[in-house]
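Structure first, then comments.
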2 protein chains.
Amino acid sequence: MAESPLLDIARLRKSCAQCSLQQLCLPAGIGGEDLERLDALVKKRRPLERGDRLFRSGTGLSALFVAREGSFKTVAMNEDGDEQIIGFHLPGELIGLDALGSGTHRCDAEALEGAEVCEIPMWDLERVAAQIPGLQHQLLRIIGKNMELDQDHLTMLGRRHANERVLLFIHGLSERLQTLGRAHLQFSLPMSREEIASYLGLVIETVSRSFTKLQDDGLISIRGRQLKILDHRKLVEAAHSPELVRAAGRG
Amino acid sequence: MAESPLLDIARLRKSCAQCSLQQLCLPAGIGGEDLERLDALVKKRRPLERGDRLFRSGTGLSALFVAREGSFKTVAMNEDGDEQIIGFHLPGELIGLDALGSGTHRCDAEALEGAEVCEIPMWDLERVAAQIPGLQHQLLRIIGKNMELDQDHLTMLGRRHANERVLLFIHGLSERLQTLGRAHLQFSLPMSREEIASYLGLVIETVSRSFTKLQDDGLISIRGRQLKILDHRKLVEAAHSPELVRAAGRG
DNA sequence: CGAACAGTTGAAGAAGGTCAAACAGCGTGG
DNA sequence: CCACGCTGTTTGACCTTCTTCAACTGTTCG
């Protein structure tokens, strides 16, 4: 038992159980020294406050972050100065891949609420990934999973009716919360209406109206940021068929 | 000349000069045996015809593709059956990363015209990437570059005015063609209006009207699929400031 | 208590969607 | 070579939806 890291693994399993990076180590058949080496990379950072930034656009990529507690948004700025939210990052999700292509961040990452992050220095991660068999593959999968989130966002924005976008947004959030092991039928939105609007390519008033309409239709209940999904089945159906959404609006 | 691959490198440099994967090997300080090993992976596939598919949604990830000649689209299908184009892939660009997360493709990849592709078996690529120093890093960069394209798409869809989306679309296409070493001020659109509409979350008539408006404003000249950018400066400006777009419409 | 902020609601207008028709390009077959 | 029909694109008129502007409500926090 001279170097058995059993206790360490148990601790890690617990602290990282719902982390999107858990697949980076735990199920990849990595153990012992390798696991310790990986664990040594991860720095736990001080708590962050609402509005604090992990990085800014134009900054070089130094590390990837995982939201451990609290949620984040990534915001891109156009030439003309108006911002667009291009991603929300829930607790357990990854932040910082936007700089993978050029080595420079293309957006700001900002805490939506009190938060805490793990930080993985990119340079070290790449080095270790090249050495530990299986880790590179897991890294690619995690990156791929993140691309899927972007594509889901894309399909929301491709919808031409505001109600559909909002519906898909709620549904998507709920699914993500579920896979992260959190309550997914009743939860608190970490972002403002304004931020949702930006994310969905809408205007704040339209988002507000959509919410109240969904509430009137009995699909959800929403009071401020407290959201409850009342009829999950109907919500999923409605998200995938515009007719239902519109028909309900006339009732 | 027992093991000098000079001629091979020269040939590769030429044939892959504008390929998005060129960074995978050429500038990464890879040479000799390694380069040959990498080159051996790449299969050149038979010519494809318009409508031919590289893969279908639900299929397992077996290879990445690079369009050598001709363009492609990737199409996602919703539960309710309507399609959405989530990406265009110009000659030299990469196709197939959508399956990176789950190992299963989430969309169809279809040739927009006569085409030819290089095929890189994913499994082999990963294996070699783990062995050749620098290659893993280049692979991550290439994946990152592709994510940037998705994010550009996202920022188009986030714009609330049809004219802005179309403007950003044209501008983006032009930029991509330029980096791929092709004519970027006068070119032929490989996709139909219908496909542009789907990509931009608009309806075909709106796309058509936007094009004619941009033509009336003297920014472009468009006849069928033949597009000429007349005032590149003004086009870039207009793409980043809604007021200009709208003001011009009243003139 | 009241200022500041977030969210909701209402009424008006503009933008884009819908429906329908005309038009252009192109390959086929007479 | 031309007529024909197919398909993709443009254009027009109308209608729905979203945005805009504005007022109002509600909550939080000095």
Side-chain angles (χ1 to χ4, degrees), chain A residues 49-51 73 82 84-85 112-114 156-167 169-170 188-216 220-227 242-250, chain B residues 49-51 73 82 84-85 112-114 156-167 169 188-217 220-227 242-250:
Chain A
E49 306 212 336
R50 172 188 159 82
K73 64 176 174 183
D82 55 50
Q84 181 178 348
I85 294 182
L112 292 171
E113 53 193 331
M156 286 178 218
L157 288 171
R159 295 309 191 107
R160 288 193 301 281
H161 293 283
N163 286 332
E164 298 178 62
R165 292 192 204 169
V166 173
L167 221 29
F169 174 70
I170 295 173
S188 175
L189 296 170
M191 70 291 281
S192 69
R193 299 286 190 276
E194 183 86 54
E195 288 162 333
I196 296 174
S198 171
Y199 184 77
L200 294 179
L202 297 171
V203 122
I204 181 172
E205 295 95 326
T206 307
V207 171
S208 180
R209 277 186 254 265
S210 280
F211 275 143
T212 54
K213 186 179 155 330
L214 292 178
Q215 181 163 252
D216 292 348
I220 64 170
S221 143
I222 187 157
R223 183 182 212 71
R225 295 189 176 189
Q226 280 301 321
L227 176 67
E243 307 81 31
L244 288 182
V245 187
R246 290 197 272 168
R250 294 178 191 124
Chain B
E49 307 212 335
R50 173 188 159 81
K73 64 176 172 182
D82 55 50
Q84 182 178 348
I85 294 182
L112 291 171
E113 53 193 331
M156 287 179 217
L157 287 172
R159 295 309 191 106
R160 289 193 302 282
H161 292 283
N163 286 333
E164 297 178 63
R165 293 193 203 169
V166 173
L167 221 30
F169 173 70
S188 175
L189 296 170
M191 69 291 283
S192 68
R193 300 287 190 276
E194 182 86 55
E195 287 162 334
I196 297 174
S198 170
Y199 184 79
L200 293 180
L202 298 171
V203 120
I204 181 173
E205 294 94 327
T206 306
V207 171
S208 180
R209 275 185 255 264
S210 279
F211 274 144
T212 54
K213 186 178 156 330
L214 292 179
Q215 181 164 252
D216 293 347
D217 294 349
I220 64 170
S221 141
I222 186 155
R223 183 185 212 72
R225 294 188 177 190
Q226 281 300 324
L227 176 68
E243 307 80 33
L244 288 182
V245 187
R246 292 196 270 170
R250 294 177 193 126

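These numbers come from a predicted model, not from an experiment. So you know, we letter chains A, B, ... as the sequences are listed, proteins then strands, and number each from 1.
Atom P of nucleotide D:dT7 and atom CZ of B:Arg50 are separated by 12 Å, given to the nearest angstrom. Here C:dT18 presents its P atom at 12 Å from CD of B:Glu194, a figure rounded to the nearest Å. Between B:Ile204 atom CD1 and C:dC19 atom P the separation is 15 Å, expressed in whole Å. The separation between B:Arg193 atom CZ and C:dA24 atom C1' is 12 Å, rounded to whole Å. For the pair A:Asn163 CG and D:dT19 P, the interatomic distance rounds to 11 Å; values are reported in whole Å. Per the geometry, CD belonging to B:Gln226 stands 18 Å off P belonging to D:dG8, to the nearest Å. Between A:Arg223 atom CZ and C:dG7 atom C1' there is a gap of 12 Å when expressed in whole angstrom units. Atom CG of A:Leu112 and atom P of C:dA6 are 13 Å apart (whole Å).
When the shell of 6.0 Å around CZ of A:Arg225 is examined, it contains more than 12 heavy atoms from other residues, nucleotides or ligands.
Listed candidates were C:dA15, C:dT9, D:dT19. Nearest to the side chain of A:Glu205 is C:dT9. Taking only side-chain atoms of A:Ser192, from C-beta outward, the nucleotide of D:dT9, D:dC21, C:dG7 with the closest atom is C:dG7. Here D:dT10 is the nucleotide among C:dG16, D:dT19, D:dT10 with the atom lying nearest to any side-chain atom of B:Thr212. Residue B:Leu202 places its side chain closer to C:dG17 than to any other of C:dT8, C:dG17, C:dA6. The listed nucleotides are C:dT8, D:dT19, C:dG17; the one nearest the side chain of A:Ser208 is C:dT8.
For D:dG12, the base has a donor-acceptor partner in the side chain of B:Arg209 [N/O atoms by modelled type, under 3.5 angstrom].
Among the protein residues, A:Arg165 comes within range of no part of the nucleic acid, since none of its heavy atoms lies under 4.0 Å from any strand.
B:Thr206 has a side-chain polar atom (N or O) that falls below the 4.0 Å cut-off from OP1 or OP2 of C:dG17.
Between the OG1 atom in A:Thr206 and the CZ atom in A:Arg193 there is a gap of 13.0 Å [rounded to 0.5 Å].
Looking at heavy atoms from C-beta onward, A:Leu189 lies in side-chain contact with A:Phe211 at the 4.5 angstrom threshold. A heavy-atom distance below 4.5 Å is found between the side chains of A:Val203 and B:Arg160.
Each of B:Glu113, B:Glu194, B:Glu195 was checked for a salt bridge (charged side-chain N to carboxylate O under 4.0 Å, His left out) with B:Lys73, and the lone residue meeting it is B:Glu195.
The residue among A:Arg160 and A:Met191 whose nearest nucleotide of DNA chain C is located toward the 5' end is A:Met191.
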